[in-house]
Amino acid sequence: MSHASILQKIRDIRPLHQAHARVIVSNLSENVFLCNRLMNAYASCGLVSKSQIIFSQIPSKNLVSWTIFLSGLKKNDRFFEVAEVFNEMMVLKIRPNDITIATVLPAFGKLGRVLLGKSVHCYWIKRNFGGNVFVETGLVDMYSKFGCMRIARNVFDNMTVRNVVSWNAIISGYSNNGYGGEALQMFRWMKRNGLSGDIFTAMSLISLEDFRLGIEIHSLVVRSGYENDPLIRTALMGSYINGNFVDDAYRIFKGITKKDLVAWTLMLKGFSKSGNWRRTLEHFKKMMGEDKIALDYVSLITMLSGCSCFGALEQGRGMHGLVLKTGFQDDLFVGSAVIDMYANCASMIDAKKYFGGMVEKDVVCWNTLISGYGMIGRGNEAIDTFLKMKSSGVSPDESTLVSVLCACSHAGLVEQGLRIFDQMTKVWHLIPSLKHYACVVDLLGRSGRINDAYSLTKRMHLQPGLEIYSSLLTACKIHRNFELGDEISQKLVELNPNDAGHYILLSNMYALAGNWDCARMSRVSLKSNNLKKNPGLSSMEINGEMFTFMASQIDHPHYLEIRDFLQGLILKIKAAGYEPDTNSVLLDVSDDVKRDILFHHSEKLAIAFGLMKTKPGSVVRITKNLRICDDCHIASKFVSKVYARVLIIKDANRFHVFRDGICSCRDWW
DNA sequence: TTAGGGTTAG
């Protein structure tokens, strides 16, 4: 057999090294044809560096050498280098052919290199002699990854030849971009064209989370013989987790004989998404212990983001340690997850320290740090960080503006926020989105300029949506503007009749206005629509263990000791001047009942438990899933003074740091 | 030429 045909078949490293040695011994190491085959074989074994060395030593590279080198990089997920090498080709005026183009398009899609992708598309149109199903499918896939579904569809519609891969590209494109209906329509159209779909089609359809498709997908999976395919199973798990059916996902997980990293990581997300931190931790320990799974950057990010959501600082520090141990400290994604974890655990010193130690910082890292300062009410430091970011040469993006505006809003820096908004839109030519407008409405509304906020929503070039009206309604509630509040609430309910939050806000507002009939009516419509209010939960981590408290939860394992402690606590803070704010109880009941409800708020249970179980003088950290109520806010200030403790409470919006009778939010929230 | 898990802002 010739050297060439041997090389084509080799897919193992050892025989490949032997064959390579023979090529060298036979004095053939300058033969382009053989070198190309060698490069291909090395890349297929995952040894891109070898392939790179051979490529650099070929004296007269041809187009095939370049294409094989690019394809090796792509096969090994080295997309950034694909773009670099392709650019080099362009500089050297080497003209790519159809195969080269079909090779690089997916890399451009994954990298989000829109301009580069479009210019290659133009080049291909100019020199095209007819259709090419590989290039066209690559284009459909690339534009789908860019989120440009119109262009993707246009390319797809103009294809003269389509295979199952082309159909999969357009179906997954629609599915990944949130167009479930269109994905389904294309699937039906594909079937009418005589194609039944394969495992890729099934994966895209599974991720649609449309359970009505169940039987159809199931039969497709069975027919294609992939019923037990681990990929199909993990896709199903993901779908269940997105739909909040964690136990169903876990059932599938248990049935997988060889569980890989993706399956393990998915369950981490599932447990933490369902609010079960204890189970998340148990799962993680199992994953690290008995199954000895090596962590990668995605699994690290998943755990870090869990610690961040639950405010689990001790566990978070442990994860930080694992980041260093596994060598991911220079990864940008992991970096922003670490910064976010520290920021969400109210430890800005650690967040800033990690940020400072990063070799390279991208826009997400900066944004994370800015919003971290924002959440804790350190608005000036957020603005300062924003200015440093600009002078360091990193361009702000849409999220930067959201982070800065939020920070200004939390700190009451109205003029500064408005100035930055003005500058970003006029000088940086950033087109404001609904989110930006929602931030500005929030900024104006909180400071009492409700009319300015309202007229902005009428002036802007976009149709106001849920976000804008929610911000307005919150402002109406804070500043007791019941008339406008009523008008806005009606709009919110019309826009989304299934959101319990709007009914609650409306009911609370009527209650504040003393209009108990309307308040009751709003709660009745909540019930008649079968909607449930999210229960208020406060949680805290003590010695790495998470404790969760729900309002009036008398069956809590620590209830009796908490109740006794709480009685003493109330007496002590009352002696210091605390008066229960019964207005915070938006129910039409007697003052005695109101006080009883107030004293059993989840925050107060958590505070009592925290004071009992932690060392005197140490910081008590609590995370609440909803906004902290007025009375708990007042009580926390007294507790911080009377017990000489720092209380850090994170609510749905921001942090409140109570120290010596004062809150860091300066009662601005 | 198509594939499952991931970071910021509300």
Side-chain angles (χ1 to χ4, degrees), chain A residues 71 74 98-99 101-106 109 132-142 144-145 162-173 175-176 197-204 206-207 226 229-239 241 260-270 296-306 308 331-341 343-344 362-372 374-375 397-407 409 433-439 441-442 465-468 470-471 474 652-653:
Chain A
S71 124
K74 196 208 71 182
D98 290 349
I99 304 174
I101 292 174
T103 305
V104 295
L105 289 177
N132 179 311
V133 67
F134 286 75
V135 172
E136 287 161 324
T137 303
L139 286 168
V140 171
D141 173 61
M142 180 186 77
S144 300
K145 294 225 163 58
R162 298 184 191 107
N163 58 22
V164 70
V165 183
S166 328
W167 284 97
N168 286 342
I170 193 79
I171 293 174
S172 73
S175 156
N176 291 334
D198 60 7
I199 187 171
F200 296 94
T201 330
M203 302 266 279
S204 303
I206 288 171
S207 63
Y226 287 112
D229 190 290
L231 283 181
I232 289 286
R233 289 189 179 204
T234 39
L236 270 171
M237 278 174 65
S239 167
I241 285 168
D260 68 358
L261 180 59
V262 176
W264 278 99
T265 309
L266 256 172
M267 277 325 299
L268 283 176
K269 181 192 169 193
D296 71 348
Y297 74 107
V298 181
S299 47
L300 284 168
I301 289 168
T302 309
M303 275 309 284
L304 283 163
S305 127
S308 161
D331 186 283
L332 287 168
F333 281 60
V334 173
S336 22
V338 175
I339 298 166
D340 171 66
M341 179 275 294
N344 269 298
D362 69 354
V363 65
V364 181
C365 298
W366 283 98
N367 291 350
T368 312
L369 193 67
I370 293 171
S371 51
M375 270 189 299
D397 67 3
E398 293 168 13
S399 304
T400 316
L401 185 53
V402 175
S403 307
V404 180
L405 290 174
C406 279
S409 181
S433 67
L434 270 180
K435 269 180 202 168
H436 297 135
Y437 281 116
C439 289
V441 167
D442 196 63
L466 287 172
E467 282 166 324
I468 303 271
S470 305
S471 296
T474 309
N653 289 328

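Below, chains carry the letters A, B, ... as their sequence lines are ordered, and counting in each starts from 1. All values below were derived from every heavy atom in this structure, side-chain atoms included, with hydrogens, water molecules and symmetry-related copies excluded.
Using modelled atom types and a 3.5 Å distance limit, the side chains of S166(A) and T137(A) yield a donor-acceptor pair.
Considering only side-chain atoms of P106(A), the nucleotide from dG5(B), dT1(B), dG6(B) that sits closest is dT1(B). Distances from the side chain of C406(A) to the nucleotides dT7(B), dG10(B), dG4(B) place dG10(B) closest. Side-chain proximity of N168(A) to dT2(B), dA9(B), dG5(B): nearest is dT2(B). Nearest to the side-chain atoms of S305(A) among the listed nucleotides dT7(B), dA9(B), dG5(B) stands dT7(B). Listed nucleotides dG5(B), dG4(B), dG10(B) differ in distance to L261(A); the shortest reach to its side chain belongs to dG5(B). Side-chain atoms of F200(A) lie closest to dT2(B) of the nucleotides dG6(B), dT2(B), dG4(B). Among the nucleotides dG10(B), dT7(B), dA3(B), the one closest to the side chain of K145(A) is dA3(B). Relative to the side chain of V165(A), the nucleotides dG10(B), dG5(B), dT1(B) differ in distance, and dT1(B) lies closest. Comparing dT8(B), dT2(B), dG6(B) against the side chain of S371(A) picks out dT8(B) as the nearest.
A distance cut-off of 5.5 Å between ring centres, combined with a plane angle under 30°, leaves Y297(A) outside any stacking arrangement with the base of dG6(B). Under the stacking criterion of a centre-to-centre distance below 5.5 angstrom and an interplanar angle below 30°, F134(A) is not stacked against the six-membered ring of dT1(B).
Of the side-chain N and O atoms in K74(A), one or more sit less than 4.0 angstrom from OP1 or OP2 of dT1(B). Between K269(A) and the phosphate of dT7(B), there is no side-chain N or O to OP1/OP2 separation shorter than 4.0 Å.
In this structure, the separation between NE2 on H436(A) and CG on L401(A) is 4.0 Å, given to the nearest 0.5 Å.
Counting any heavy atom pair closer than 4.0 Å across all strands shown, L231(A) reaches a base atom. Within the nucleic acid shown, A438(A) has no heavy atom closer than 4.0 Å to any nucleic acid atom. Within 4.0 Å (heavy atoms only), N653(A) reaches no atom of the nucleic acid at all. Across all strands, D442(A) comes closer than 4.0 Å to no nucleic acid atom at all (heavy-atom distances). D397(A) comes within contact range of no nucleotide atom at all, as no heavy-atom separation falls under 4.0 Å.
Rounded to whole Å, atom P of dA3(B) lies 12 Å from atom CD1 of I199(A). Spacing between atom CH2 of W167(A) and atom P of dA3(B) amounts to 18 Å, rounded to whole angstrom units. Here the P atom of nucleotide dA3(B) and the CG atom of D260(A) are 17 Å apart, to the nearest Å. Atom pair N344(A):CG and dG10(B):P shows a separation of 10 Å (rounding to whole Å applied). Distance I206(A) CD1 to dG5(B) P: 12 Å, rounded to the nearest Å. Nucleotide dA9(B) holds its C1' atom 7 Å from the NZ atom of K435(A), rounded to whole Å. Atom CG of L268(A) and atom P of dT7(B) are 13 Å apart (whole Å). Between the C1' atom of dT8(B) and the CG atom of L401(A) lies a distance of 14 Å, rounded to the nearest Å.
Side-chain atoms of D296(A) and base atoms of dG5(B) include a donor and an acceptor less than 3.5 Å apart. Between the base of dT8(B) and the side chain of T368(A) there is no donor-acceptor pair shorter than 3.5 Å. Between the side chain of S403(A) and the base of dA9(B), no donor-acceptor pair under 3.5 Å is found.
Proximity of a side-chain donor or acceptor of N367(A) to a complementary backbone N or O of I370(A) within less than 3.5 Å is not detected. Between the side chain of D141(A) and the backbone N or O of S144(A) there is no donor-acceptor pair closer than 3.5 Å. With D98(A) contributing its side chain and I101(A) its backbone, the two residues share no donor-acceptor pair below 3.5 Å. Within the 3.5 Å criterion, the main-chain N or O of L304(A) finds no donor-acceptor partner in the side chain of S308(A).
Around the CD1 atom of I99(A), the shell of radius 6.0 Å holds no more than 12 heavy atoms that belong to other residues, nucleotides or ligands.
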